[in-house]
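For ligands, and for the atoms within them, numbers begin at 1 and follow the listed sequence. The model shown is predicted, which means the values in this text are computed figures rather than measured ones. The analysis underlying the following values was restricted to heavy atoms, covering all of them including side chains, and did not include hydrogens, waters or symmetry mates.
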Amino acid sequence: MPVRLLSVKETRVTTPTARVQQTADATSGAALGNLDPAPPATLVIFGATGDLTRRLLVPALINMEREGLINPSSTVLGIGKDAGDDEMLRTSLETFGAGHFGEGDAQRIEAWKSLRPKLRYRAGDFTADQIYTEIAAELTGNAVFYLAVPPRFFGDIVEKLADHGLTTEADGAFRRIAIEKPFGHDAASAKALNARILARVAETQVYRIDHFLGKETVQNIMTLRFANMMIEKLWNSDSIDHIQITAAETVDVGTRGSFYDGTGALRDMVPNHLFQLLSMVAMEPPISFDAEAVRDEKAKVLRAIRIYEPEEAAENSVRGAYTAGTIGDRTIPAYTETSDVKPDSTTETYVALKLMIDTWRWAGVPFYLRTGKALTVRDTEVIVTFKPVPFAQFPRLKNAHLPPNRIVIQIQPDEGISLDMLIKRPGIGVAVEPAVMDFRYAGLFDIGRLNGYETLIYDILTGDQTLFQRADAVEAGWRAVQPFLDRWAEGGAPEPYAPGSLGPDMAADLLARDGLAWHDLVTR
Ligand code: BG6
């Protein structure tokens, strides 16, 4: 079904012409909305020569510059361990920045030209005082310290920044810290890291990043639920049978072996990315859209995830690791043959879990989560399956099994929302047919150029913590997965699965024993 965009104002507009006009206005609006530029600030990026900065942060800054969201007097101070000067950073970024702009990218090329001279670079050791003395000598006013570095540096950098007075907010200036994932390695280490950081800076200064929260469709879950009466009224165990959350990837571990082997699929994806989706889907309506009100509700859901006993953790989880094989024309070595991975590694590259949320709203509704590398397609989605109709009183279908309604929230690729319904097939007599109402973002908006970090960086600069993880929520997430980590640490090995498959067969059994099946992964 084609879907038109109706603006909020349209509730009182009825003529077809006016509708078309409103749709056109909204579609041609700036991709990031018509926002004011963020306040002036120095963005200090630790890890300026790293992959994250080149692939995601700088492209996002270019998009923000294009949209006029970066204050003209803001600057970027890159800190890295590689020797070099400002020009080295600018040139190296160009490999992934200006040098890679395609045809029709004139605006982004202009944006890069204007951003380029604002980038500076200092080389230094994050764990020694020297670099902090240098930063302190040149930094005044507002600053964001962005830790795009391996997690072992998080605590050290925050302490050094505080030791050098760099986190002190004086004369109305803000000093904020953005911290990438993984935040902690398990429940105990996340708690210890929070304690270490919060001993030196206030929670209001800390922006724990989960880049899934920058994704448009993830944020849209709140709007879908809380701006649509017909959805939220049914959003509970009276009407919903079960919920599936999938983040399937085709990429293998590749060159990330040294990080991944000590991490695995569960730590890498579940307490952060998948739990962000789960908490958006399962939270109660917040009393306002203030950051704290939203974060309170998200934290409550994570705290309500049932903490399993060891036996329950074993029964409600499946872990897998891919074997050697091919996906299309890509040849993939077995996970255990990946460079920097131990040949006898028992690290999982796939995990499926059945979780329960012990609240009135969700009593008895299973949440099935799965994520894995080297799978058949890239597909991140939330599937909400409603209960079947209690009785099919269609004359020719008495007692027939009618497929249940489903809402499919497609996070990526091809962001959108669809609704599976049943309709009457045209003709004489009643024949029931499934039909899909399908809304795709790309059909209405130009969102293709954004990578999600634009929103997150803008929010840090403007002091909006809604899309960032609060300390208590991070710890609650880790507590919920700790029983699986503990159980797996006792022994055993992941189930093998072939690259390009849907994961290990046992993951299908996890649902089959409840009379269910995983939603088909689709390539769009
Ligand atoms: C990262 C994980 O946080 O998220 C990666 O470390 C994973 O292993 C990535 O591939 C997935 O993010 P996206 O945005 O590509 O779905």
Residues that H211 engages under ring-ring contact (aromatic ring centres under 6.0 Å, His included), provided they are two or more places apart: H273
Interfacing atoms of ligand 1 (cut-off 4.0 Å, heavy-atom, F212): 12 (O), 16 (O)
From E180, Q412, K215 - option closest to atom 14 (O) of ligand 1 by heavy atom: K215
Y335 side chain to D252 side chain, donor-acceptor N/O pair below 3.5 angstrom: no
Pair D296 + R470: basic N to acidic O under 4.0 Å: yes
Ion pair check, R378 and E249, cut-off under 4.0 Å: no
Exam field: side chain T323 to backbone Y497, donor-acceptor pair closer than 3.5 Å: yes
Taking atom 15 (O) of ligand 1 as the reference point, the nearest protein heavy atom with its distance: R378 NH2, 3.5 Å
Under-4.0 Å heavy-atom contact with ligand 1, by part of R267 that carries it: neither
Atom indices of ligand 1, in the order listed, that fall short of 4.0 Å to a heavy atom of H273: 1 (C), 3 (O), 4 (O)
Contacting atoms of ligand 1, where contact means under 4.0 angstrom from a heavy atom of K373: 5 (C), 7 (C), 8 (O), 10 (O)
Side-chain ion pair, D210 and K181, N-O less than 4.0 Å: no
Distance-only N or O hit between ligand 1 and E249, under 3.5 Å: yes
Numbering as shown, the atoms of ligand 1 that approach H211 to under 4.0 Å (heavy-atom distance): 1 (C), 3 (O), 4 (O), 12 (O), 13 (P), 14 (O)
Atom indices of ligand 1, in the order listed, that fall short of 4.0 Å to a heavy atom of K181: 1 (C), 2 (C), 3 (O), 6 (O)
Ligand-residue contact atoms, ligand 1 with D268, heavy atoms, under 4.0 Å: 2 (C), 5 (C), 6 (O), 8 (O)
Residue from V294, L302, V301 passing side-chain contact (heavy atoms from CB on, under 4.5 Å) with K298: V294
